[in-house]
Each structure stands twice: as structure tokens, then as C-alpha cells.
Amino acid sequence: MPHYDLHSHTYHSDGTLSPSDLVMRARCNGVDVLAVTDHDITTGIGEARTAADAAGVVLVPGVEISVTWGAQTIHIVGLGIDTDDACLQAGLVEQLRFRDWRAEEIGRRLERKGIHGACAGARARARGVLIGRTHFAQFLAEEGHARDVRDAFSKYLVRGKPGYVPGQWASLPQALGWIRASGGQAVIAHPARYKLSATRLQRLLTEFKESGGAAIEVVSGSHSRDDCLRFAALATRYDLMASCGSDYHGPEAPWIDLGRLPPLPESCRALWTSW
Ligand code: AMP
Ligand code: MN
Ligand code: MN
Ligand code: MN
């Protein structure tokens, strides 16, 4: 059976590898089908597609859309999207607009804490047009305000910390609308990360299903074995398919390597059986 990894990042968002290097790593790690899913942007897909064709890897064009749902940020992966779709791209332009404003605001908030030049510093670390919190974390760590990227997040960039700016991302129906308009399938990314109560999780899965969502990322680089089994059961209960993705960001990131994923539980209906 082919080996799938349906969630990964390049330096077009907050990963560290180029699309070509990401594809090469996928090839070396035995991945046959790779989805490139940068945050709120698709500019890396063209290079990824060329590299994948040359390497004999099947490239699934994707994107990971930030969504505000009940005052919380949720990530929705879109797979098999048409990156030329005008509706999708118009939505992503709005997401980037918020990212730019948020970056300025994070900079102002850190300035008030005596940290100068954070916005410029973060921008200098972004390789593409997209700026994210990871770029701020890299600046903060390299300038000695934190031990490492993780420490920078927990000291400055998460809820309750001085550089935290609440999200104003797309709504869940909007994000699913963009994905589906472009011919893609929507997947709830790394669901265990949101720490939702049982009631809120039920509400999320119900709304996701009603908006035309296709699958849950049952196997994720950030899931434990128990998380995986729990979400496999929920996928069955909500009649959703199952996806798997490492959420690989680069060799420096502390998460698991590209393609190094356990198989989907037997009970799951794999998303790719619908392709
Ligand atoms: P953003 O979309 O700009 O708000 O940034 C979200 C990204 O930050 C995630 O996709 C992760 O790559 C990264 N991230 C979030 N929380 C942490 C954390 N605690 N430690 C390291 N990276 C994190
Ligand atoms: Mn990220
Ligand atoms: Mn994510
Ligand atoms: Mn991701």
C-alpha cells in the first residue's frame, strides 16, 4: 500500500525547507503521496509539484486554513484544492491581511515590554510573504529573550502572554466554502491539540459535518496512540473519513519526521479511498 503523509509545511509559511527539499525528504523517507499544506498560502505548490514529478512522488496540493471557532483557533486542512481558484485565493488574501496587521500588533505589544524591532526581526526571518508567530519565536530565541522557539511561544506568544493577539480568522463555514469551491476536501487538523471539552468537540464535529467537512486527521504527528484511537471512534460516529499527516515543519522542529506515522486504525475509512 502506498505511504501517505497529508500535512506538511515549507518556508512559504513557517516550515524551514524549500518545497523541493521537502519533496526530497519525503522521497527519502518512503512517502509516496505527499500533501504540502502551508498555513493560509499556496505559493509553494508550484515548486513542490515540479519536484514531486521529478522524484516520482504524488503531490496533493493543500493548504492549512486558520479558523476562529468559538473564540478559539482551529486549523482546517484543505486537500486536492485547485490553487488557481479565485474564491479560495480571495479568502486567503484576507487571511494574509489579518496576519500582516497581527504582526504589527505583536510588534507593538512586545515593544511595550521593552523588546525592540520584533516585527522587523520576524519579517526578516520569513522566507515568503507570510508572517507567523513562529517567525517571532525565532527572533525572540535568537535575540536571547527565550531559550528556544518553544520557550518563546510559552513566554510571549500564547494566550495570556504579552505578545498574544487573538485571532480574527475565517469562520468554519467560510473556510470549508473556500476549500470546497476549489474542489478540495476539508480535514480537521490535529484535533487533540485544541483540548476541547466533550460538548464543544461534539459541536465542532457536528458543524464541520454540516458544512461539508470530509475527514478528521486521526493520525497526526502531535497525537498520542490514545488520541488516535479516540478520534478514530469519533470519525466513525460522525461518518467522517480519516486522514494522516506528520505536520512536519523542518529538521529543527521537535515534532516527528516527515512520513514517520503509524497506520490508520483498522476501523477507519481512509480519505484516499474516495480519490
Ligand atoms: P500562527 O498561525 O502564526 O498563529 O502560528 C501557528 C504555528 O505556530 C503552528 O502551526 C505551529 O507551527 C507553531 N506553534 C504553535 N504553538 C507552538 C508552541 N507552543 N511551540 C512551538 N511552535 C508552536
Ligand atoms: Mn506551523
Ligand atoms: Mn496546525
Ligand atoms: Mn500544520
Side-chain angles (χ1 to χ4, degrees), residues 5-17 22 34-42 44 60 62-69 71-79 92 94-107 109-110 118-119 122-123 125-142 146-161 163-170 175 186-195 216-217 219-223 243-258 261:
D5 191 330
L6 301 179
H7 187 157
S8 68
H9 296 271
T10 75
Y11 63 41
H12 285 255
S13 65
D14 59 359
T16 55
L17 298 183
L22 182 76
L34 173 72
V36 173
T37 57
D38 276 313
H39 297 285
D40 301 312
I41 201 159
T42 61
V60 178
V63 65
E64 182 176 16
I65 299 180
S66 311
V67 163
T68 299
W69 184 82
Q72 199 169 352
T73 299
I74 300 281
H75 287 171
I76 302 293
V77 163
L79 296 176
L92 297 183
E94 290 305 312
Q95 301 277 93
L96 289 197
R97 216 190 291 279
F98 172 65
R99 279 187 179 277
D100 283 336
W101 175 84
R102 184 187 68 163
E104 302 286 337
E105 183 61 22
I106 293 173
R109 291 184 190 205
L110 292 176
C119 189
R123 214 169 273 291
R125 286 162 178 82
R127 300 282 296 269
V129 296
L130 180 136
I131 184 160
R133 282 185 293 162
T134 303
H135 304 119
F136 280 89
Q138 288 163 352
F139 163 82
L140 289 164
E142 285 166 31
R147 282 193 311 277
D148 52 27
V149 162
R150 236 176 180 164
D151 187 44
F153 265 93
S154 51
K155 263 176 143 157
Y156 294 103
L157 298 169
V158 296
R159 195 193 290 266
K161 300 299 166 164
Y164 179 73
V165 178
Q168 294 166 30
W169 307 111
V187 182
I188 301 183
H190 43 63
R193 285 247 291 267
Y194 312 127
K195 311 269 181 254
I216 300 179
E217 206 169 72
V219 165
S220 159
S222 50
H223 279 183
S243 184
C244 68
S246 60
D247 202 5
Y248 184 72
H249 279 71
E252 311 73 13
W255 337 110
I256 62 158
D257 201 354
L258 196 61
L261 292 164

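Starting from 1, each residue takes its place in the sequence as its number. Numbering of ligands and ligand atoms starts at 1, following listing order. All heavy atoms count here, side chains included; hydrogens, waters and symmetry mates do not.
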Out of Phe153, Tyr164, Trp169, Trp255, indicate the one that has the non-hydrogen atom closest to atom 13 (C) of ligand 1. Phe153

Measure the distance from atom 1 (P) of ligand 1 to every protein heavy atom, then report the residue, atom name and distance (to 0.1 Å) of the closest one. Arg102 NH2, 3.5 Å

Atoms in ligand 1 flagged as close to His249, the criterion being non-hydrogen separation under 4.0 Å: 10 (O), 12 (O)

Output yes when the distance from some N or O of ligand 1 to some N or O of Arg150 is under 3.5 Å, and no in every other case. no

Taking the ring centre of each residue, are His190 and His223 less than 6.0 Å apart? no

Is there a heavy atom of Glu64 sitting under 4.0 angstrom from any atom of ligand 1? no

Given 3.5 Å as the limit, does a donor-acceptor pair link the side chain of Arg99 with the main chain of Ile131, or not? yes

Is the centre of the Trp169 ring less than 6.0 Å from the centre of the Phe98 ring? yes

Could you list the atoms of ligand 1 found under 4.0 angstrom from a heavy atom of Gly132? 3 (O)

Would His135 and Asp14 count as a side-chain hydrogen bond (donor to acceptor under 3.5 Å, both in side chains) here? Give the steps. CA-CA 7 Å; His135 304 119; Asp14 59 359; over 6 Å; no

Shortest-distance N, O or S atom of Glu64 relative to the Mn ion (ligand 4): OE1

To make sure I understand the geometry: which N, O or S atom in Asp247 is closest to the Mn ion (ligand 4)? OD1

Measure the distance from atom 6 (C) of ligand 1 to every protein heavy atom, then report the residue, atom name and distance (to 0.1 Å) of the closest one. Arg133 NH2, 3.7 Å

Mark yes or no for whether Asp38, through its side chain, and His9, through its backbone, hold a donor-acceptor pair below 3.5 Å. no

Rounded to 10°, how big is the angle at the Mn ion (ligand 4) from His7 NE2 to His9 NE2? 110°

I'd like to know whether Thr16 forms a side-chain hydrogen bond (donor to acceptor under 3.5 Å, both in side chains) with Glu252, so could you lay out the CA-CA distance, the side-chain angles of the two residues, the decisive distance to 0.1 Å, and finally the verdict. CA-CA 8 Å; Thr16 55; Glu252 311 73 13; 2.8 Å; yes

With the Mn ion (ligand 2) at the apex, how many degrees lie between OD2 of Asp14 and NE2 of His39, rounded to 10 degrees? 100°

Quick check against the 3.5 Å criterion: does Ser8 have a side-chain atom that pairs as donor or acceptor with the backbone of Ala35? yes

Centres of the His12 and His39 rings: under 6.0 Å? no

Nearest heavy-atom neighbours spanning Asp5 and Gly245: OD1-CA, 3.4 Å

Nearest non-hydrogen protein atom to atom 2 (O) of ligand 1, with distance, is Arg99 NH2, 2.9 Å

Should you measure from each heavy atom of His39, which atoms of ligand 1 turn up under 4.0 Å away? 10 (O)

Of all heavy-atom pairs between Asp257 and Ser246, which one has the smallest distance, and what is that distance? O-CB, 3.9 Å

Can you confirm, on distance only, whether ligand 1 has an N/O atom lying under 3.5 Å from any N/O atom belonging to Ser66? no

Heavy-atom distances under 4.0 Å are what count here, so tell me which part of Asp14 touches ligand 1: side chain, backbone, both or neither. side chain

Close N or O approach (His75, ligand 1; < 3.5 Å): no

